[in-house]
Amino acid sequence: MTRIALIALTTLGLATAADATTINVAFSEDFAEKLEDDYGVREGAKLAEEIIEDLERELDGMDDTVERIDVMILDAKPNRPTFEQISGSPGLDPFRSVSIGGMSLAGTITHADGDVSEVEYMWFENDIRNSVGTSVWWDANRVSRRFAKRVAESVSGE
């Protein structure tokens with residue numbers, strides 16, 4: 001496990017300590033390298049926090065049915081340059097530089113009865129004209145929300 005994954009897991013452990021459901025977020029080796037080499041380590045923590053918030057919101061009231069959720073960020077691409085990218089390339093504009101973004105996630109849900117199920121979701125925008133969001137991780141955050149809904153559907157049996 002890389003240094004980035006450990007930072008994210010530490011952050012996540014603090015964020016979910018009060019909840020009955022344990023949520024862990026880690027990064028694939030390839031994505032961890034992208035964070036270290038290009039996007040910046042703190043961007044991984046931002047994505048992890050968003051995933052946790054979305055899962056907690058969608059699973060509100062279902063704490064007794066889910067024991068643990070492990071999520072792996074396989075890949076993610078920002079819509080706008082990250083702080084690290086801007087500091088390394090002065091030609092990038094934080095507002096006018098726009099790209100297509102998205103994220104790929106895989107998760108394992110451990111239910112209270114011991115059953116284990118898997119959920120995956122991946123989506124990357126394919127048309128720059130649809131990149132209308134103003135945040136760095138606009139499309140990735142959309143993926144996080146959709147992934148959380150899939151997890152909730154899996155838990156509730158819908």
Side-chain angles (χ1 to χ4, degrees), residues 1-16 19 21-60 66 68-109 117-155 158:
M1 187 176 297
T2 67
R3 178 175 58 99
I4 294 173
L6 291 174
I7 291 169
L9 289 172
T10 301
T11 301
L12 301 178
L14 294 173
T16 61
D19 297 339
T21 301
T22 302
I23 301 173
N24 297 306
V25 176
F27 311 115
S28 70
E29 208 171 296
D30 289 341
F31 185 62
E33 281 183 39
K34 282 184 184 180
L35 289 171
E36 286 185 23
D37 298 342
D38 190 22
Y39 301 149
V41 174
R42 73 183 189 175
E43 299 300 328
K46 288 179 188 177
L47 288 171
E49 287 175 31
E50 182 72 22
I51 291 167
I52 289 171
E53 287 174 13
D54 291 339
L55 285 168
E56 287 177 343
R57 183 181 58 254
E58 289 297 325
L59 295 172
D60 188 34
V66 180
R68 178 185 175 107
I69 300 174
D70 295 301
V71 180
M72 175 75 68
I73 300 177
L74 303 173
D75 193 15
K77 294 182 181 184
N79 289 93
R80 301 202 183 271
T82 65
F83 181 78
E84 186 78 18
Q85 289 174 315
I86 291 168
S87 65
S89 300
L92 289 176
D93 185 301
F95 302 105
R96 291 184 285 183
S97 297
V98 180
S99 181
I100 55 176
M103 186 162 54
S104 176
L105 299 170
T108 303
I109 305 164
S117 56
E118 294 182 6
V119 178
E120 294 181 11
Y121 189 74
M122 174 186 77
W123 181 80
F124 291 89
E125 181 57 67
N126 59 13
D127 189 339
I128 193 74
R129 294 173 293 185
N130 294 332
S131 295
V132 296
T134 57
S135 71
V136 172
W137 297 104
W138 178 264
D139 287 329
N141 291 339
R142 290 170 70 188
V143 171
S144 176
R145 288 188 301 275
R146 291 174 182 169
F147 177 79
K149 286 182 187 209
R150 286 198 176 190
V151 169
E153 289 169 359
S154 174
V155 169
E158 293 180 10

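Fair warning: this is a prediction, and the values are worked out from it, not measured in the lab. Numbering starts at 1 and runs along the sequence shown.
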Are side-chain heavy atoms of E53 and E50 found at a separation under 4.5 Å?
yes
E125 and K77, any side-chain heavy atoms less than 4.5 Å apart:
no
Taking all non-hydrogen atoms of both residues into account, name the closest pair between R142 and W123 and its distance.
NH1-CH2, 3.4 Å
Is there a side-chain contact (heavy atoms from CB on, under 4.5 Å) between L55 and T21 once you walk through the steps?
CA-CA 10 Å; L55 285 168; T21 301; over 6 Å; no
When rounded to the nearest 0.5 angstrom, what is the spacing between OH in Y121 and CZ in R145?
10.5 Å
Heavy-atom distance under 4.5 Å between the side chains of L47 and W137, does that happen here?
yes
Separation of I73 CD1 from L105 CG (nearest 0.5 Å):
6.0 Å
May I ask you to decide if I100's main-chain N or O and N79's side chain share a donor-acceptor pair within less than 3.5 Å?
no
List the atom of G101, the atom of D139, and the distance in Å for their closest heavy-atom pair.
N-OD2, 3.3 Å
I'd like to know if the side chain of S104 and the backbone of L74 have a donor-acceptor N/O pair within less than 3.5 Å.
no
Search all heavy atoms of F124 against all heavy atoms of M103 and return the closest pair with its distance.
CE2-N, 3.6 Å
Correct closest heavy-atom pair for N141 and S135 would be ND2-OG, 4.2 Å
Within this structure, what is the CG-CZ distance for the pair N24 and R68, rounded to the nearest 0.5 Å?
4.5 Å
Strictly below 4.0 Å, N to O, side chains only: are D75 and K34 in salt-bridge contact?
yes
Which heavy atom of A48 sits nearest to which heavy atom of V25, and what is that distance?
CB-CG1, 3.8 Å
Check: Q85 side chain, T82 main-chain N or O, donor-acceptor pair, under 3.5 Å:
yes
In this structure, CD of E84 is separated from CG of D37 (nearest 0.5 Å) by 10.0 Å
Residues E153, R150: salt bridge by 4.0 Å N-O rule
no
Within-4.5 Å side-chain heavy-atom neighbours: I23 and E56
yes
Heavy-atom nearest pair, S154 first then I109, reads OG-CD1, 3.8 Å
Is there a side-chain contact between V71 and V151 in this structure, where contact means two heavy atoms from C-beta onward sitting under 4.5 Å apart?
no
Quick one: pull up CD in E49 and OG in S144 and give me the separation to the nearest 0.5 Å.
11.5 Å
